[in-house]
Every structure is written in structure tokens, then in C-alpha cells.
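Below: the structure, in C-alpha cells.
In what follows, residues are counted from 1 in the order of the sequence shown.
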Amino acid sequence: MKVNKPRPVNLDLQTIRFPLTAIASIIHRVSGVITFVAVAILLWLLGLSLSSPEGFASAAGIVNSFFAKFVLWGILTALFYHIVVGVRHLLMDMGYFEEMETGISSAKISFAIVAVLSVFAGGLVW
């Protein structure tokens, strides 16, 4: 079977430039995976803290370390990103922000909102 139009040969992801809307969508999926994994970590930490007074002290000791605070800040940032961009996707499903200009603008606004919420989360964690 002969193909009239040759298929693209260059599939090197480092040379392909994704539009901002595609980057927002890909990061939304990644933040969903991070949030899913984070639920297991947070449930383990909750179970440890509720197991006994010693377990609570152990969980408090874990949470007070710099690395754990950094991980909690990352979890909160991923959760905020997933919520904000998820609302953006829902609005797009309803017919808003479907044009290229408004889609790029809504992605930039979503990034700005997440940046503010991320700073807020950092203030909560530290």
C-alpha cells in the first residue's frame, strides 16, 4: 500500500515547540498524578498521627523537617494547579476560552492564580 503523503519523520520532542495551552494541559495531567500519589502519603501520615501519642509525636517530627515541608508545599501547589486548571478545562467544555487568543490568555491567568496560591501555600507550610 503506497501512501500519498509521507508521514512526519521528526518526532524529537526537544525540537517541537508546544503551545502554552498544551503545556498547561500536560502539567494538569502531571499534577493529577502527583495529587493521587500524595493522597497515599498524606493518609499514611494521618494514620501515623492518629495511632497513638507516640505516633503523633513521630508524625509531628516528620512534618517539622525541611524536606517534609518542601514536599507538603509541592503537594499543595500541585493540588492548587490541578483545581485551577481543572476549572479552566470545565469552562472550556462549556464553550468558553476555545479560541486561540482566549485560550492562551486563560492559561496565563491560570498560571498567575496558581503562583499566588503557591506563595500562600508556602506561607501556610512555613
Side-chain angles (χ1 to χ4, degrees):
M1 175 182 239
K2 189 171 182 165
V3 178
N4 294 335
K5 213 172 190 185
R7 298 191 180 255
V9 178
N10 183 14
L11 294 177
D12 184 13
L13 294 179
Q14 294 177 346
T15 61
I16 298 173
R17 288 199 38 106
F18 291 106
L20 188 62
T21 53
I23 293 170
S25 180
I26 292 168
I27 297 173
H28 179 253
R29 292 177 181 163
V30 170
S31 69
V33 172
I34 291 170
T35 302
F36 179 76
V37 172
V39 167
I41 295 169
L42 295 175
L43 283 176
W44 169 78
L45 196 57
L46 178 66
L48 179 64
S49 71
L50 294 176
S51 63
S52 65
E54 295 81 20
F56 181 81
S58 176
I62 292 170
V63 171
N64 285 332
S65 71
F66 175 78
F67 180 71
K69 287 183 179 183
F70 185 74
V71 169
L72 288 174
W73 173 73
I75 289 170
L76 286 173
T77 300
L79 179 64
F80 286 148
Y81 185 88
H82 196 71
I83 291 170
V84 169
V85 178
V87 169
R88 176 181 171 263
H89 279 293
L90 287 173
L91 289 171
M92 291 174 69
D93 287 343
M94 293 189 302
Y96 301 102
F97 311 126
E98 289 184 333
E99 295 79 26
M100 183 61 75
E101 297 84 19
T102 57
I104 291 172
S105 297
S106 68
K108 288 179 182 177
I109 291 169
S110 297
F111 288 147
I113 292 170
V114 170
V116 169
L117 290 173
S118 179
V119 170
F120 175 70
L124 286 177
V125 171
W126 275 286

Practice problem: Check Thr77, Ile113, Leu76 against Ser118 for a side chain to side chain contact (heavy atoms under 4.5 Å, CB included) and give me the one that passes. | Solution: Thr77
What pair of heavy atoms forms the shortest contact from [X] to [Y], and how long is it?
{"X": "Arg88", "Y": "Ser110", "result": "CD-OG, 3.3 Å"}
{"X": "Ala59", "Y": "Leu45", "result": "CB-CD1, 4.0 Å"}
{"X": "Ser31", "Y": "Ala78", "result": "CB-O, 3.5 Å"}
{"X": "Tyr81", "Y": "Ile23", "result": "OH-O, 4.5 Å"}
{"X": "Phe56", "Y": "Ser49", "result": "CB-O, 3.5 Å"}
{"X": "Ser58", "Y": "Leu48", "result": "OG-CD2, 3.9 Å"}

Exercise. Please indicate whether Lys108 has more than 12 foreign heavy atoms, meaning atoms of other residues, nucleotides or ligands, lying under 6.0 Å from its NZ.
Key: no
Answer yes if [X] and [Y] sit in the same cluster of Ile, Leu, Val, Met, Phe, Trp and Tyr residues linked by side chain heavy atoms under 4.5 Å apart, and no otherwise.
{"X": "Val119", "Y": "Trp73", "answer": "no"}
{"X": "Phe120", "Y": "Val125", "answer": "no"}
{"X": "Val84", "Y": "Phe97", "answer": "no"}
{"X": "Val71", "Y": "Trp44", "answer": "yes"}
{"X": "Phe111", "Y": "Leu117", "answer": "yes"}

Quiz item: Can you check whether Leu90 reaches Met94 side chain to side chain, under 4.5 Å on heavy atoms?
Solution: no
Self-check item: Side chain proximity check, Leu42 to Ile75, heavy atoms < 4.5 angstrom
Solution: yes
Quiz item: Should Leu72 and Val63 be marked as a side-chain contact (heavy atoms from CB on, under 4.5 Å) after you check the CA-CA gap, both sets of side-chain angles, and the distance that decides it?
Solution: CA-CA 8 Å; Leu72 288 174; Val63 171; 3.9 Å; yes
For the atom pair [atom1] ([X]) and [atom2] ([Y]), what is the distance rounded to the nearest 0.5 Å?
{"X": "Ile104", "Y": "Met100", "atom1": "CD1", "atom2": "CE", "result": "5.5 Å"}
{"X": "Ile41", "Y": "Leu46", "atom1": "CD1", "atom2": "CG", "result": "14.0 Å"}
{"X": "Ser106", "Y": "Leu20", "atom1": "OG", "atom2": "CG", "result": "8.5 Å"}
{"X": "Ile62", "Y": "Phe67", "atom1": "CD1", "atom2": "CZ", "result": "11.5 Å"}
{"X": "Glu98", "Y": "Thr21", "atom1": "CD", "atom2": "OG1", "result": "12.0 Å"}
{"X": "Trp126", "Y": "Phe70", "atom1": "CH2", "atom2": "CZ", "result": "6.5 Å"}

Quiz item: Just by distance, do the side chain of His82 and the backbone of His28 share a donor-acceptor pair under 3.5 Å?
Solution: yes
